[in-house]
J.: 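The structure that follows is given in the form of structure tokens.
Lettering follows sequence order; numbering is per chain, from 1. Only a predicted model underlies this, so the values are computations on that prediction, with no experimental measurement involved.
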There are 2 protein chains.
Amino acid sequence: MNERKQHVLAAARQLFLENGFAHTSIQNILDEAGISKGTFYNYFSSKNECLMAIIQQSWEESAILRNEIAAGKPDGPEVMGEQILIRLRLNREQNLLPLFDAILSSGDEELRGFMKEIHLSELAWSESRIVEVYGEWTRPFAADAAILQFGMLSQFLRFSAILDIKEDFPVIISFILRRLEVILRDLAEHNEFLIPPGRFSNTVSLLPLPDVDETADRIVRLADLLPDEQRSKGLEYSGFLSEELASERPRLQLIRTVAGPFRKLFDGTPHASEARSTMRDVWRVVRDRSGAAEKPDEF
Amino acid sequence: MNERKQHVLAAARQLFLENGFAHTSIQNILDEAGISKGTFYNYFSSKNECLMAIIQQSWEESAILRNEIAAGKPDGPEVMGEQILIRLRLNREQNLLPLFDAILSSGDEELRGFMKEIHLSELAWSESRIVEVYGEWTRPFAADAAILQFGMLSQFLRFSAILDIKEDFPVIISFILRRLEVILRDLAEHNEFLIPPGRFSNTVSLLPLPDVDETADRIVRLADLLPDEQRSKGLEYSGFLSEELASERPRLQLIRTVAGPFRKLFDGTPHASEARSTMRDVWRVVRDRSGAAEKPDEF
DNA sequence: TTCATTTTATACCGACAGTCCAATCATTGC
DNA sequence: GCAATGATTGGACTGTCGGTATAAAATGAA
């Protein structure tokens with residue numbers, strides 16, 4: 001993604017969260033980003049598309065962090081809680097929730113479809129994580145449980161927003177997860193379910209898969225941008241990652257462990273955003289090649 | 001409320017649900033209702049206000065039906081389920097949910113405030129009903145449980161809408177209510193809660209309370225409009241209701257029982273909508289006089 | 001009949017998303 | 001250094017919409 005385009009996105013995001021989507025005109029964005037109307041419509045075909053790009057970016061960013069956080073530790077409800085937390089934090093920092101709301105109305109069919117995919121991908125993630133974390137016996141109920149959990153959580157958040165309550169997220173999340181457990185046991189006990197497993201994951205991905213070789217290239221080129229004292233370290237990482245990426249069956253766990261530290265090398269450098277964007281594509285490729293069907297993950 | 005204004009509201013509602021709020025222009029409404037722009041802005045100060053009027057109307061209508069359904073039967077989870085069902089049905093028939101979404105964005109501060117009140121009133125209703133239905137021991141957890149229940153339900157509905165699933169409402173509701181029970185037991189067992197009781201009900205009502213005597217008058221005048229063969233029956237009802245209304249402490253249960261059949265007399269007559277509107281005010285007055293604090297109900 | 005209110009019809013305003021295009025700038029191959 | 005190609009600019013322009021303004025017409029009560 002073009003650097004300039006990134007800049008425009010950043011400006012637009014800034015304005016959207018300051019003034020809200022509806023109250024931000026395209027002219028505002030042009031002024032803030034210092035570009036002309038023609039350029040804007042070169043990048044995005046509409047204001048809506050610009051909004052979608054912003055949301056998608058943040059969404060994928062949180063997906064990256066979720067993957068990184070899972071690396072190393074033994075899996076369990078706490079990890080799942082942290083993964084949920086990540087998205088909440090990102091949502092708050094970037095104030096995404098109002099933007100989601102903005103999408104819901106707006107009548108635009110494309111936007112609604114986009115939202116639907118995001119929504120389903122989150123449910124699919126939740127469903128598969130529930131099975132991973134709580135065990136295979138939860139599979140028949142995981143879809144229902146995912147919906148219930150997601151609903152409880154978002155309702156709590158919305159309520160907190162309405163009344164300006166400053167509950168910290170971890171408290172809410174663990175509260176919800178404890179309810180989730182008891183619900184799962186209850187569902188199993190009465191063998192009750194409404195939504196069959198796997199109902200969410202028939203989504204098509206939002207973007208076409210990036211090219212493998214090109215992505216592998218990108219990693220190496222990325223490492224070259226590091227300051228001298230880190231470059232050798234970075235090149236080690238990037239060499240390994242690009243090999244692994246191009247291999248027949250990338251070793252998911254290894255990549256998980258290495259990708260996080262590698263990306264973190266770029267924190268604070270001018271290439272942090274380029275690093276994030278590259279790693280997004282890496283994850284996409286990796287998930288695809290390591291068999292997306294077996295492990296439905298984000299996007 | 002003016003008959004003509006009602007007509008405009010009906011036309012607007014029709015268009016909103018056919019084409020969505022965003023895709024309905026004021027001009028469309030004018031054409032559909034056969035009025036001029038000036039008249040429209042006599043009735044509503046803006047398109048938003050028109051939307052609010054529509055939602056409020058439906059909302060109160062379902063509140064009336066909820067009250068009516070509670071009459072007679074012994075209270076319990078089934079009654080609560082039916083009461084929830086009523087709102088869902090009305091929401092679906094009148095396709096309100098997209099209109100709610102429309103409100104969420106739109107940036108308009110007044111609309112958001114309106115939505116917030118509706119939301120809180122629903123939570124307050126749920127909280128108080130939970131205590132009534134499941135017992136006093138649930139009080140400390142009822143607020144949390146209300147949020148969780150509302151969240152689970154709306155998430156299920158949203159999901160059904162997204163995937164065009166035709167689960168019937170009763171199945172979903174009883175599914176949710178069973179979860180609610182087990183959650184309540186769990187919360188009590190661990191003595192866990194986040195939101196203290198009564199947090200929702202500090203809402204101000206959306207409309208000023210109607211005048212008592214005037215409302216009592218209205219009931220009697222209303223009964224006069226009935227066709228000959230029903231008038232005597234109607235007058236009996238209306239006489240009782242207006243007395244009860246004006247009394248120091250209206251007997252809530254009695255009124256509950258009588259109000260429904262009385263209103264139903266007008267079904268199919270040209271005054272059905274006038275009857276509904278009158279009964280809305282009756283309920284408001286009654287709830288106020290029978291001690292709203294003790295029994296926080298709708299609005 | 002008179003007088004006040006409501007309704008109509010229409011012109012108008014400003015804001016906005018989105019289109020179009022000719023002029024300009026930057027990059028790259030030669 | 002030059003030419004060609006493509007990105008960028010800036011602004012004029014269109015059409016839509018929500019909302020205002022107002023003069024004329026209709027309605028209705030005294």
J.: Figure out the CG/P separation between A:L30 and D:dT9, and round it to whole Å.
T.: 10 Å
J.: Quick one: side-chain contact (heavy atoms from CB on, under 4.5 Å) partners of A:N42, sequence neighbours excluded?
T.: none
J.: What residues form a side chain to side chain donor-acceptor pair (under 3.5 Å) with B:D31, not counting sequence neighbours?
T.: B:Q27
J.: Could you tell me which residues satisfy side-chain contact (heavy atoms from CB on, under 4.5 Å) with A:L88, sequence neighbours excluded, listed by chain and number?
T.: A:I84, A:L153, A:L157, A:F169, A:I173
J.: Using a 4.0 Å heavy-atom cut-off to protein, can you give one letter per nucleotide of nucleotides 11-21 of chain C, 5' to 3': B if the base is in contact, S if only the sugar-phosphate is, - if neither?
T.: -----SSBB--
J.: Could you work out, with side chain to side chain donor-acceptor pair (under 3.5 Å) as the rule, every residue matching B:S154, not counting sequence neighbours?
T.: none
J.: By side chain to side chain donor-acceptor pair (under 3.5 Å), which residues pair with A:N28, not counting sequence neighbours?
T.: A:S25
J.: Could you state the atom-to-atom distance from CD of B:E49 to C1' of D:dG18 in whole Å?
T.: 14 Å
J.: Less than 4.0 Å between a side-chain N and a carboxylate O, is that true for A:E122 and A:R66?
T.: yes
J.: Is the phosphate of D:dT8, meaning OP1 or OP2, less than 4.0 Å from a side-chain N or O of A:T39?
T.: no
J.: Given atom CG of A:D31 and atom C1' of D:dG10, what is their separation to the nearest angstrom?
T.: 12 Å
J.: Under the rule for side-chain contact (heavy atoms from CB on, under 4.5 Å), what residues qualify as partners of A:A33, not counting sequence neighbours?
T.: A:H7, A:V8, A:A11, A:I35
J.: What residues form a side-chain contact (heavy atoms from CB on, under 4.5 Å) with A:S46, not counting sequence neighbours?
T.: A:N48, A:E49
J.: Please give, in whole Å, the distance from D:dG19 C1' to B:E110 CD?
T.: 15 Å
J.: Between D:dG10 and A:S36, is there an OP1 or OP2 to side-chain N/O distance shorter than 4.0 Å?
T.: no
J.: Starting at CG of B:N19 and ending at P of D:dC17, how long is that distance when rounded to a whole Å?
T.: 12 Å
J.: Measure from CG on A:N42 to C1' on C:dC25 and round the result to the nearest Å.
T.: 14 Å
J.: Strictly under 3.5 Å: I want the nitrogen or oxygen pairs between protein and nucleotides 26-29 of chain D, one per line.
T.:
none

J.: Would you say the side chains of B:E61 and B:Q57 form a donor-acceptor pair under 3.5 Å?
T.: no
